[in-house]
2 protein chains.
Amino acid sequence: MSCEETFAQQLRERGFRLTPQREMVLAVLHQTEGLVTAEAIHQQVRHISSAVDISTVYRTLDLLTELQMISMLDLGDGQRRYEFVGRSALHHHLLCNRCGGLTRVDASQLQLLSDHIQREFNFEVDLGSMTFRGLCGNCAANPPGGHSAHTE
Amino acid sequence: MSCEETFAQQLRERGFRLTPQREMVLAVLHQTEGLVTAEAIHQQVRHISSAVDISTVYRTLDLLTELQMISMLDLGDGQRRYEFVGRSALHHHLLCNRCGGLTRVDASQLQLLSDHIQREFNFEVDLGSMTFRGLCGNCAANPPGGHSAHTE
DNA sequence: TTGTCTGCAAACTATTTGCACCGAG
DNA sequence: CTCGGTGCAAATAGTTTGCAGACAA
């Protein structure tokens with residue numbers, strides 16, 4: 001079953017409606033490799049139909065997240081990012097607190113961890129939305145103002 | 001060495017100054033069990049000195065985070081939370097995407113994972129700031145708009 | 001038809017920033 | 001005395017919301 005059919009079906013099951021706006025937002029996410037902001041999605045959608053409003057994009061993103069067809073990432077930079085689930089293998093991210101660098105990491109190795117958390121805490125981890133914060137090798141090796149300067 | 005002495009020393013080493021405002025913010029965090037928002041810290045501090053501004057609190061929180069004396073958590077609800085490092089054993093959190101429930105989990109079991117990421121990706125994970133998003137047992141068992149029909 | 005969805009515009013709010021004065025070192 | 005720190009106030013900006021009309025089912 002195509003992703004659009006899945007979408008339509010899930011909507012129907014819950015009494016939601018399938019609108020062109022929702023189809024367009026899903027299509028953009030489906031076509032996009034990697035993370036996208038709501039703003040970027042909005043621009044893509046306006047490419048097709050210029051009347052679509054950003055608030056509709058937000059509402060649709062909430063819906064798609066709820067249906068678990070996309071995953072939402074909040075990197076803490078004040079701008080959420082979204083990603084189509086199934087676009088690539090399940091993965092999580094490493095985010096450097098200093099330079100903001102983002103590394104994508106295959107999540108298969110976290111399956112054991114996730115299973116453990118499920119059993120131990122009865123909590124269903126969404127591996128796709130996980131972000132590990134810390135310091136990348138580069139920033140860890142070059143601390144800002146090691147002993148004198150504090151230029152940032 | 002007390003936490004205040006550590007603080008004073010770290011500031012000196014970097015050419016920063018020790019001000020009453022900074023001492024107060026640190027004291028509040030030191031006394032507080034669990035997560036606090038900047039707003040809550042601000043209120044506590046104003047209890048002592050009513051002239052302290054929230055922007056100073058934010059600037060101090062950035063500084064303390066940089067010095068790794070506190071850890072910053074962004075749960076994605078538009079409000080960051082802070083926590084004194086060493087207040088309790090290193091831990092991470094499980095955040096339910098639906099009900100917002102937060103569970104604190106001892107991080108010792110993640111040490112292996114963290115070591116792995118360090119070796120494999122040369123990335124220094126900050127375990128204390130980690131949040132696993134997903135669904136708590138309760139919400140997973142009671143989906144929203146729950147046509148409570150199928151209870152397999 | 002009917003009740004959901006949308007566009008519009010205004011609101012929200014946590015956080016940031018410019019600036020002139022203040023005070024720690 | 002210096003120049004980093006602070007209070008004040010205004011700006012920022014992503015996201016949310018109220019509402020009346022539009023439209024999928």
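Just the heavy atoms: all of them, side chains too, but no hydrogens, waters or symmetry mates, feed the values below. Chain identifiers are assigned alphabetically (A, B, ...) following the order of the sequence lines, protein sequences preceding nucleic acid strands; residue numbering begins at 1 within each chain.
- For the pairing with S71(A), the side chain to side chain contact (heavy atoms under 4.5 Å, CB included) check across L127(A), L90(A), V85(A), L64(A) returns one residue only, V85(A).
- Judged by distance alone, the side chain of H42(A) and the main-chain N or O of V52(A) form a donor-acceptor pair under 3.5 Å.
- Classified by interplanar angle (parallel below 30°, tilted 30° to 60°, perpendicular above 60°), the ring pair F132(B)/F132(A) is perpendicular.
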(request) Evaluate side-chain hydrogen bond (donor to acceptor under 3.5 Å, both in side chains) for Q9(A) paired with E5(A), printing each intermediate quantity in order. (result) CA-CA 6 Å; Q9(A) 186 194 330; E5(A) 286 168 347; over 6 Å; no
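- A pairwise comparison of heavy atoms in H93(A) and R104(A) identifies CD2-CA, 4.2 Å as the closest pair.
- Look at CE on M24(B): it is 16 Å from P on dG5(D), rounded to the nearest Å.
- The 5' end of DNA chain C is approached more closely, in terms of each residue's nearest nucleotide, by L63(A) than by the other of L63(A) and R46(A).
- Distance M72(A) CE to dT15(D) C1': 12 Å, rounded to the nearest Å.
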(request) Summarise how protein sits on nucleotides 18-25 of chain D as a single string, 5' to 3': B when a protein heavy atom is under 4.0 Å from the base, S for sugar-phosphate-only contact, - for no contact. (result) B-----BS
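- Put simply, CG on L26(B) is 16 Å from P on dG5(D), counting in whole angstrom units.
- As a whole-Å value, the separation of D62(A) CG from dT6(C) P is 12 Å.
- More than 12 heavy atoms of other residues, nucleotides or ligands shown are found within 6.0 angstrom of CD on Q79(B).
- A donor-acceptor pair is defined here as one N or O able to donate and one able to accept, closer than 3.5 Å; such a pair exists between the side chain of T32(B) and the backbone of V28(B).
- Distance E23(B) CD to dG23(C) C1': 14 Å, rounded to the nearest Å.
- One end of the helix from dT1(C)-dA25(D) to dG25(C)-dC1(D) points its axis 40° away from the other end's axis, with each axis taken from 5 pairs and the angle rounded to 10°.
- You'll find the side chain of E23(A) stays beyond 4.5 Å of the side chain of L26(A), heavy atoms only.
- Contact annotation: Q21(B) does not reach the phosphate of dG23(C) (side-chain N/O to OP1 or OP2, under 4.0 Å).
- Closest of all the heavy-atom pairs between F7(A) and M69(A) is CD1-SD, 3.6 Å.
- Ring-plane geometry between H116(A) and F121(A) is classed as perpendicular, the angle between the planes exceeding 60 degrees on a 0 to 90 degree scale with a lower cut at 30.
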N/O contacts under 3.5 Å, protein versus nucleotides 12-15 of chain C?
residue	atom	partner	partner atom	Å
dA14(C)	O3'	G78(B)	O	3.2
dT15(C)	OP1	R80(B)	N	2.8
dT15(C)	OP2	Y58(B)	OH	2.3
dT15(C)	O5'	Y58(B)	OH	3.3

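- L75(A) has its CG atom 17 Å from the C1' atom of dA13(D), to the nearest Å.
- Closest non-hydrogen pair, R81(B) versus T37(B), comes out as NH1-CG2, 3.8 Å.
- A straight line from CG of D53(B) to P of dT16(C) spans 13 Å, rounded to a whole angstrom.
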